[in-house]
Amino acid sequence: MTSGANTLVLPIVLPLLGAFLLPLVARFGDGLARALGIVLVVVNIFLGWTLWSAVGTEAAVTALGGFEAPLGIVLYGDRLAALFVAVLAVGALIFWPRAEHGGVKAYTLTLLLVAGGSGLVLSGDLFNIFVFYEIVAVASYGLAASSGDKAGFGAALRYLVLGALGSSLVLIGIGLVYAAAGTLNLADIARLAPEKLSGTTGLAAFLLLVLGFGVKAELFPVNTWVPEVYAAAPMRVTAILAGVVSKLAMVVILRLLVLVFHDPAAISLLMAVAIVTIVAGEFAAYRASDLNRTFAYSSIAQLGLVALALTIPATAGILAAIAVALHHAVVKPAFFVIAAKWRGPLAGLAGGARVAPAAAGLFVLLALSIIGIPPLPGFWAKLVLLGGAFDAGGAYAFAAAVVLAATVVEAAYLFRVVARIWQPAAGAKPAHFAFSDLSPALLLGVILIVATLFVAPIGTALSGAAASAADAGSYVARVLPGRM
Amino acid sequence: MLELFADLVLMPLIAFLFGLVLVLMARRVRAKIERRVGPPVLQPIYDIVKLYAKKTQISHGLMHDVSIMMLLGGFITAEIFLPVPGLDGLAAEGDLVTLVYIMMVPMLGLALGVGSCANPNGSIGISRALTSMLAYDVPFVVVIAGALIHYGSSNLIDVVRIQQEGGVSTWGVTTMPLLAFAGLIAMHGMLGKEPFELYIAPAEIATGPMVEMSGKYMGALFVMQCFQFYTVGVLYVTMFLGGGEMWLTFLPKVAAVIFISVAITNVFGRYKTEDVIRWMWRWPTAIGLVGLAFVMLKVN
Amino acid sequence: MTGSEKVPVVTDQPETCRVADAEEKSLLRKVMDNFADHCRSRSLFVLHYCTGCGAIELPPTITSRFDMERVGVSPMVTPRQADLLLITGYLSVKTLKRVILSYEQMQAPKYVVGFGSCTINGGMYWNSYATVKRLDQYIPVDSYIAGCMPRPEAIQQVFLDLMAKIDAGKATAWQDYYLNYDAYLGRQMNLFGQDWHTPTDVVAEAKHYGYVGNGTTGEHTALLDQRATWSLDTVPELYPARGRNERSRP
Amino acid sequence: MIGLLDTLLVLALLTTVGLYVFGANRFAGYIGMAAYAAMTVIVVLVGQTLSGGETAVPSAMAFTVLGYPMTWRIDGLGWFFALLTTGAGFFAAWYMSGEWNEAQPNKRIQHGTLALNVLAMLLLVSSGDFLSLFIGWEIVSWAAFAMMTQLGGPAATAALRYLLYALAGAMALFAGILIVRSATGSFAFEDFAAAVPNLPTATKWVLFVLFTAGFGVKMAIVPFHLWQAPAYSFTPGASSSFLNAVSARMGLFALTLVLIKLMGPALLAGMDIAYTWFDARSALLWLTAITMIVPTYIALMQTDARMLLAWHGIGQGGYMLLGILVGTPLGLAGGLLHTFNYATYQMALMLAVFAVVHRTKTADLDELGGLITRMPFTYITLLMGIIGLAGLPPMNGFVSKWMIYKSLLNTAQPLLLIAAFIGTLGTILSVYKLIHNIFLGQLRLEHREVKEAPLSMLLPMLTLAGIGFVTGWMPGLALSMVDIAQSALGIGLQPHHLGGVDLPNGSLNMLWVVGVLIAAIGVGALIFYFLGNRRWEVSQYDNYAGGHFLSADVRYHFSHEFYPGLARVIGPWYRGWVVKMERGLQTLVAVLGDLSGGVFRFAHTPFYLLVAVSLGLLWVGLFGKI
């Protein structure tokens, strides 16, 4: 175990430990538990940052328990993983639960989520991925139900059923992979994939894995829980789920694609799913009746974009996926902050700009960015995505056309809301925002603007991360140094 | 310089004087067709002098007056840009397209003046006049486009020269008979004679644009009629009948063109606005387009 | 809509009276006037006011049977364009209002010919309560044609007579309307009531063109002015300001 | 290195910020005037550099993001449009400097959005590659949206519609520039211009369609024309005039840049459409012909003065594009000159109409009339404006239209010429209705106390009309500016002199035409004043009505359905098929939305999962074999 190993293990272990300790600590005071949770999350951010600066182009690898890969439990930390560890922790920090949403239970679950999520992106073998996926899933079921009302429980139950089914699909998929390849270590599978997994079995395994992880990744048609849960769960939970957790599943799919499934059939399968997801998400959002559902559907579409980006060959696709995912992770939580106060039918939003000019202004900024208006970050994300698609040509060009058309629909529903906000109030005025209500969103807005100003260095950094994530050969070489 | 100045004075003057003759001819021809004697030779002058000599001259505001100035000014300008035998005026400084647009200036002036009279009959008259302009200008632009492409120049001096150098066989009427025919119909519409006089309609809208015109305002309209007959006739002769080589043959040609128009006008009643539009957009336009097709075949 | 506008007070003595005598004119002026009169006589635009029964005689007069265009007479449509107002037959009180309106809208020099007996003395309607007995009480008349109805030949004859009169510069009945407007207005008011008025500001027009005589203004025109002021004050919707006021108000 | 262009952009940026901060100030209009005047001066300086032989004035601003360099520089073409932009901004600010400003509840927004639009347009016209072009394009679109939506209500609805059109266009453009990058490896204009002749025909067609559609939306080429008139009309006065005068012309700028400068008319003419006589250029030419005619005749049917003018703006755009696409030096000069001329008279017209709206509170052509006695100077502006719009001498609109006609004649395209003429005829009818229904006819009682527009609004109007007249009299002044733009296009210059152009087969010398026209009208005035007795002005109620006594309580006026006969003939031709298409598209989106939403609403979750897995496995079984 090197010093780099700490940065790989600690992001998982510390929050996990914290999650178990927290109920005990809470006996000495709720505030103490809260503080401890926050400290742990901050530590995770720091760890992510350390990992990022430590790994450079060479990823950090560690095998737990002293067993070498492929037998041992391998953790693999490249810049991509470091990024998402940090992003997950930042998300959890910004949207740390409040006492009224379950108190210490919520803190625990959130820490569990952080631990599971970090594990998900750091794990180097499929079984651990499944385990961490389950941890994330359980934590999110609990959080989804934490609003404590009828709608919340109903939504959480649906989420639970679907999630459980999805997990079993994942398990079947893993089983198929194991049956074919005889190993669960990703690097090892990657090594064996060309001969063992290139046939029908491999494809079936991929299908099941995509559908299984797709539940979290909000892929069509296994994403029916999304609007319900996002409408019913507390805003802070929604923000984390939509903003970050869904991306973690995408990271897993990314790893699978890069390392295991290069099959054109697999790619086209994912592309078809992605296109349908985009279309279904944007069009459903066009007819959504309130802000929460609008953003939920929009979130589905954005994840469809990420999935589409993943199908684009070479680094460009990975870069686009990371860019779109990160951008969405900034924008969508902020949207949900606004939606938390402005509930109910869209027509009731008239006059919003008078009541809450800051929220209205922020809404416009976020909407512009998510549509992809230069020079905001959303534009650059879309530029990379569509540029890669047009470079790839063929079906990708068609997909790009779908994305472009969907963008118009996106603008239609977002700016319909903007127009309504700026209209004079007809009846009851929309809710006012206290500063504390809006502050997370304002913070994210500031991040967005800063990112706009520093888009060039961010782009360079992400390109590096994408390049190393796309390098399957180096993954195998790092994990299995002798076996190439 | 002096020659140009002479042109500037002579061209409108000749236009006015010969216009008087054309007006007289029109009235006499009409009388003959109706088996009447018709007005005496000086009748056009009597009318104009009397109108200018009215003791009271009511006006409906400054625009009413300015419209009269635009009316005369526009036609005077048009005459200067319309070459006649021996007098080219400024025809080289503005071509047929310019001339067509200059001829719209007096119409616009009249329309504004009539509008400022605050009489709905006048406004209706202008509405109908503009509508009929839209009707007859469609075949007219077809004719213009065809003729100009045929001659390869929009300079009227060139148009006249080409026809005179080649003799009768190069006259527009022999090289482009269909366009010449369509042009004749469009010219007839331009003169506002039956069956296209919908904007005068005395019994219906009380002479339309002229409803509030009295004294010298009306007199200016009479003068305008002289110019109009002359301009339309000369334009047609220039485009299709070889233009003017000498006054002795030129003026009879102009008179002949106007004669055709006034001779057929009496046998018609008045078309409704819709019928004018439909008729103009159907027959002369179709004939003109066929003529245009022949021209294009020849050019290519 | 304040009421502060004052219509100029009409004084008894008009400032100018510029109807020039024939002797004052220069030779050029005389020649020009003679020429103009000649042209006027040879170009008569006729407005026929055909509410009565005489209209039937006009078509033969104008069309091929007699062809009045030979002598420059042609029909016109609006009073603005016309020189000659033909009153063909009887006038009821109601139609007389329209006749006066039309007459005032004609441009001077203007001439009026009364057709048939009815315009002279009421004719067969001499004892009707609703018809006007003598036309020249209300507007100046240049010529009458007696008969019921007159033949086209008679109409031609009156045209020729009128032309000769105009050519000689003696058809000046129209000036009488300006010079003695108050009297005409008085008789009109007698018939139509005190609030009678036409849109034409005859007094102002007379002043503008210098046809102001001792009879131009008087008690009746003063009434007119009073009423104009009053109307502005109270119900401007119904009584527009008269004459130039309409346009010169800020 | 801070160059002229940087100074210009920084000044525009400072103006935007400054006017947003001080926009509510009484003197905001003057601040704007000073700023735009300064910008105009800088643009003129840039023009001097350009006419001194430089091909472009670069900016020090340059970024490289994700490996794509972005540069800004202004060449002759961009300069021409920059001049129009700053000039229009100046006159709009002037208009907003006095009484208008006092009357506005949202001064800050009006001044701020105007400055923002100027900034965005300057950024667009000085873009140096496709990426910066796209960025500028988007900023222009959104700045215009910010301007249009400010009054809320119908304005917001119209602006939203605009937004969707603009965004759809932008997406087409986005696809276009990405395809360019895929095909040539960079976003640079030069690389594209060098590579485009060798691209496969299919790619050329895709690019042509995408760019034409993308830029054409902004120009409101048929069938993308529906948004423009309402969006421009419901914007407050000076802003609306600005939008009308120059905003839509950004599309023309970009089309000229891509289609003429980079691709070239010859290349377009070589792209034949199979089984027809058309090629890319002539197909687009016919589209412009439709754009000249259809919106003009829609304008004819409007009853709102602002809408009428805005619809004409669309039709006028067709003339400009027509001239430019003809591709000869004469046609190009005509098209570009028409852009300048249009900016002058359309702005004057809109300002005049808004002056009327300012005074009477209505733009409904059926509720006005007779205002000539109350607002004579506004009338003069409108009169000069409509003469320009209709393209009659002596105003400048005639010159540019003449050049366009002449270029069509010289290239023997009679049908397009006829189409252009028909558009002009419709314009004449329509503008007469405009001026008649506002200023002529009977004055309404409620407008009896209406005053002339204040000097702060009159002066810009009259100045613009004056510019229109002077450049009509001496078109050489404007043509020398057009020269700078044309020199950037590589097609060649159109020789001209102060009075117009000399051609072997029919010249135009406006010095003579206008001179003679004015002199002749002077002769007309002499005749009018010295022959016959003095005039006597009478009341509007002293009027022929068949013996009827007119009074103010009964309207004696003709304005509603001004061309009934024409309407009966061409009325049935207004099928509104574009409107129906638009509605159909909306319905389609709504239906798709309901379908998609239905999947989520009636969630038989396990069932979906089962279906997805089964179908997926079926697919795997059928097609998954390698």
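Naming convention: chains lettered A, B, ... in sequence-line order (proteins, then strands); numbering from 1 in each chain.
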- Message: With a 4.5 angstrom heavy-atom cut-off, is it the side chain or the backbone of B/Leu112 that approaches chain D, or both, or neither?
- Response: both
- Which heavy-atom pair separates B/Gln57 from D/Arg534 by the least distance, and what is that distance? CB-O, 3.6 Å
- Against chain D, work out which of B/Gly152, B/Gly94, B/Ala111 has the most heavy-atom pairs shorter than 4.5 Å and name it. B/Ala111
- Item | Contacting region of D/Val523 [heavy-atom separation from chain B under 4.5 Å] | side chain
- Between D/Tyr544 and chain B, which part of the residue has a heavy atom less than 4.5 Å away: side chain, backbone, both or neither? both
- Message: If I measure from the heavy atoms of chain D, does B/Ile102 come under 4.5 Å with its side chain, its backbone, both, or neither?
- Response: both
- To the nearest 0.5 Å, atom CE of B/Met63 lies from atom OH of D/Tyr379 at 3.5 Å
- Item | Interchain contact, B/Glu212 with chain D, by part (heavy-atom threshold 4.5 Å) | side chain
- Query: Looking at B/Leu148, B/Asp137, B/Ile157, B/Thr56, which one has more heavy-atom pairs under 4.5 Å with chain D than the rest?
  - Reply: B/Asp137
- Message: Would you say that more than 12 heavy atoms from the other residues, nucleotides or ligands in this model lie under 6.0 Å from the CZ of B/Phe16, or not?
- Response: yes
- Query: Who among B/Val100, B/Asn119, B/Leu72, B/Ile149 has the most heavy-atom pairs with chain D under 4.5 Å?
  - Reply: B/Asn119
- Task: Tell me, for B/Asp65 versus chain D, whether the close heavy atoms (under 4.5 Å) come from the side chain, the backbone, both or neither.
- Result: both
- Message: Given heavy-atom pairs under 4.5 angstrom as the criterion, report whether the side chain, backbone, both or neither of B/Tyr217 touches chain D.
- Response: side chain
- So OH of D/Tyr432 and OG of B/Ser123: to nearest 0.5 Å the spacing works out to 5.5 Å
- Query: Where on D/Tyr563 is there a heavy atom nearer than 4.5 Å to chain B: the side chain, the backbone, both, or neither?
  - Reply: both
- Message: Please classify the contact between D/Ser559 and chain B as side chain, backbone, both or neither, with a heavy-atom cut-off of under 4.5 Å.
- Response: neither
- Message: Can you tell me which portion of B/Phe75 sits under 4.5 Å from chain D's heavy atoms? Options are side chain, backbone, both or neither.
- Response: neither
- Donor-acceptor pair, D/Asn533 side chain versus B/Lys55 backbone, under 3.5 Å? yes
- Please report the shortest heavy-atom distance between D/Ala520 and B/Gly73, naming the atom on each side. CB-O, 3.2 Å
- Query: Parallel under 30°, tilted from 30 to 60°, perpendicular over 60°: which one fits the rings of D/Phe398 and B/Tyr101?
  - Reply: tilted
- Can you name the nearest heavy-atom pair linking B/Met133 to D/Leu429, along with the distance? CE-CD1, 4.0 Å
- Query: Got D/Ile521 and B/Thr77 here, is their nearest side-chain heavy-atom distance under 4.5 Å?
  - Reply: no
- Query: Would B/Thr98 and D/Leu508 count as a side chain to side chain contact (heavy atoms under 4.5 Å, CB included) if you check the C-alpha gap in whole Å, the side-chain angles of each, and the deciding distance to 0.1 Å?
  - Reply: CA-CA 8 Å; B/Thr98 317; D/Leu508 180 67; 3.5 Å; yes
- For B/Leu4 and D/Trp512, run side chain to side chain contact (heavy atoms under 4.5 Å, CB included): C-alpha distance rounded to whole Å, both residues' side-chain angles, the deciding distance at 0.1 Å, then the answer. CA-CA 12 Å; B/Leu4 179 63; D/Trp512 276 114; 3.4 Å; yes
- Mind ranking B/Arg128, B/Lys272, B/Met296 by heavy-atom pairs under 4.5 Å with chain D and telling me who comes out on top? B/Met296
- Item | Winner by heavy-atom pair count (cut-off under 4.5 Å) against chain D, out of B/Leu8, B/Val223, B/Val142 | B/Val142
- Query: If you measure from OH on B/Tyr151 to CG on D/Asn505, what distance do you get to the nearest 0.5 Å?
  - Reply: 14.5 Å
- Item | Which atoms of B/Ala53 approach chain D - backbone, side chain, both or neither, heavy atom under 4.5 Å | neither
- Query: What distance do B/Leu108 atom CG and D/Ile428 atom CD1 have between them, rounded to the nearest 0.5 Å?
  - Reply: 8.0 Å
- Item | Top of B/Asn155, B/Asp95, B/Thr273, B/Ile68 for chain D proximity - count of heavy-atom pairs under 4.5 angstrom | B/Asp95
- Message: For D/Ala567, which atoms come within 4.5 Å of any heavy atom of chain B: side chain, backbone, both, or neither?
- Response: neither
- Could you check if a side-chain atom of B/Trp281 sits within less than 4.5 angstrom of a side-chain atom of D/Ile570, using non-hydrogen atoms only? yes
- Measure D/Leu417 against the heavy atoms of chain B and call it side chain, backbone, both or neither at under 4.5 Å. side chain
- Query: Among D/Asp542, D/Leu526, D/Ile387, D/Val513, which residue forms the greatest number of heavy-atom pairs with chain B at distances under 4.5 Å?
  - Reply: D/Val513
- Message: Quick check on B/Ile124 against chain D: is it the side chain, the backbone, both or neither that has a heavy atom closer than 4.5 Å?
- Response: both
- Task: Any chance you could lay out the side chain to side chain contact (heavy atoms under 4.5 Å, CB included) test for B/Leu289 and D/Leu415, step after step, and finish with the verdict?
- Result: CA-CA 9 Å; B/Leu289 284 173; D/Leu415 294 179; 4.2 Å; yes
- Identify which part of D/Pro504 has an atom lying under 4.5 Å from any heavy atom of chain B, answering side chain, backbone, both or neither. backbone
- Task: Answer with side chain, backbone, both or neither: which region of B/Ile277 has an atom nearer than 4.5 Å to a non-hydrogen atom of chain D?
- Result: side chain
- Message: Rounded to the nearest 0.5 Å, what separates atom OG in B/Ser127 from atom NZ in D/Lys433?
- Response: 10.0 Å
- Message: Can you confirm whether more than 12 heavy atoms, excluding those of B/Lys298, are under 6.0 Å from its NZ atom?
- Response: yes
- Would you indicate whether the side-chain heavy atoms of D/Tyr529 and B/Met69 approach each other to under 4.5 Å? yes
- Task: Specify the closest pair of heavy atoms between B/His60 and D/Glu537, including all atoms of both residues, with the distance to one decimal.
- Result: C-CG, 4.4 Å
- Query: Hey, are the side chains of B/Ile126 and D/His436 touching, using non-hydrogen atoms and a 4.5 Å cut-off?
  - Reply: no
- Query: With distance as the sole test, does D/Asn543 use its side chain to make a donor-acceptor pair with the main-chain N or O of B/Cys117 at under 3.5 Å?
  - Reply: yes
- Task: Check the surroundings of atom CZ in D/Phe377: do more than 12 heavy atoms from other residues, nucleotides or ligands lie under 6.0 Å from it?
- Result: no
- Report the option among D/Ile435, D/Ile386, D/Leu517, D/Asn410 that has the most heavy-atom pairs separated by less than 4.5 Å from atoms of chain B. D/Leu517
- dist D/Thr424:OG1 -> B/Met104:CE (nearest 0.5 Å) comes out at 8.0 Å
- D/Ile518 portion near chain B, given a 4.5 angstrom heavy-atom threshold: neither
- Taking side chain as C-beta onward, heavy atoms only, is B/Val97 less than 4.5 Å from D/Lys406? no
- Query: By a 4.5 Å heavy-atom criterion (distance strictly below it), what part of B/Lys216 contacts chain D: side chain, backbone, both, or neither?
  - Reply: side chain
